[in-house]
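Working notes for the structure below.
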Amino acid sequence: MADGMHRTDVLPGVLQGEDFQGKCKVTLATNLTPGRSGYGGTTSLRITTTEDSLPDGIYYLNVYGRIFKIERVNGKWPPIRLSTSH
């Protein structure tokens, strides 16, 4: 990825909650910005499922073995941000 690049990947995931387990798509967006001591950036995840009416609550998202604990509130997924510095 070159300086100041943006990259978006769509990955398969599995979402599991108290009353639901199913496949989902996870959009992974990465933004790298050059800095004085290397690169800084952010990575965000966006979740898409075929179920629009999932109840609010705690869910576990598995993307290639990495588990995220997330809470669905008011019918929406929160943005998940991962900070990186290299």
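Note that the structure is a prediction, hence the values are computed from the model and not measured. The analysis underlying the following values was restricted to heavy atoms, covering all of them including side chains, and did not include hydrogens, waters or symmetry mates. The first residue of the sequence shown is numbered 1, and numbering continues consecutively from there.
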*Dump the intermediate steps for side chain to side chain contact (heavy atoms under 4.5 Å, CB included) on Thr8 and Thr27, then the final yes or no.*
CA-CA 7 Å; Thr8 301; Thr27 303; 3.5 Å; yes
*Report yes if the side chains of Ile67 and Leu61 come closer than 4.5 Å at any heavy-atom pair, otherwise no.*
no
*asked:* I'd like to check Pro55 versus Phe20 (side-chain heavy atoms, cut-off strictly below 4.5 Å). Are they in contact?
replied: no
*Exam field: side chain Asp9 to backbone Leu28, donor-acceptor pair closer than 3.5 Å*: no
*Is there a side chain to side chain contact (heavy atoms under 4.5 Å, CB included) between Gln21 and Val14 once you walk through the steps?*
CA-CA 7 Å; Gln21 179 172 338; Val14 176; 4.3 Å; yes
*Quick one: CE on Met5 to CG on Asn31, what's the gap to the nearest 0.5 Å?*
10.0 Å
*Would you give the length of the straight line joining atom NE2 of His6 to atom OG1 of Thr30, rounded to the nearest 0.5 angstrom?*
8.0 Å
*Any link between Ile70 and Leu11 through a network of hydrophobic side chains (Ile, Leu, Val, Met, Phe, Trp, Tyr) touching at under 4.5 Å?*
yes
*Dump the intermediate steps for side chain to side chain contact (heavy atoms under 4.5 Å, CB included) on Tyr59 and Trp77, then the final yes or no.*
CA-CA 10 Å; Tyr59 290 83; Trp77 299 109; 3.6 Å; yes
_side chain to side chain contact (heavy atoms under 4.5 Å, CB included) between Cys24 and Thr48, intermediate numbers included_ = CA-CA 6 Å; Cys24 63; Thr48 306; over 6 Å; no
*Result of checking Ile58, Leu54, Leu15, Ile47 against Arg72 for side-chain contact (heavy atoms from CB on, under 4.5 Å)*: Leu54
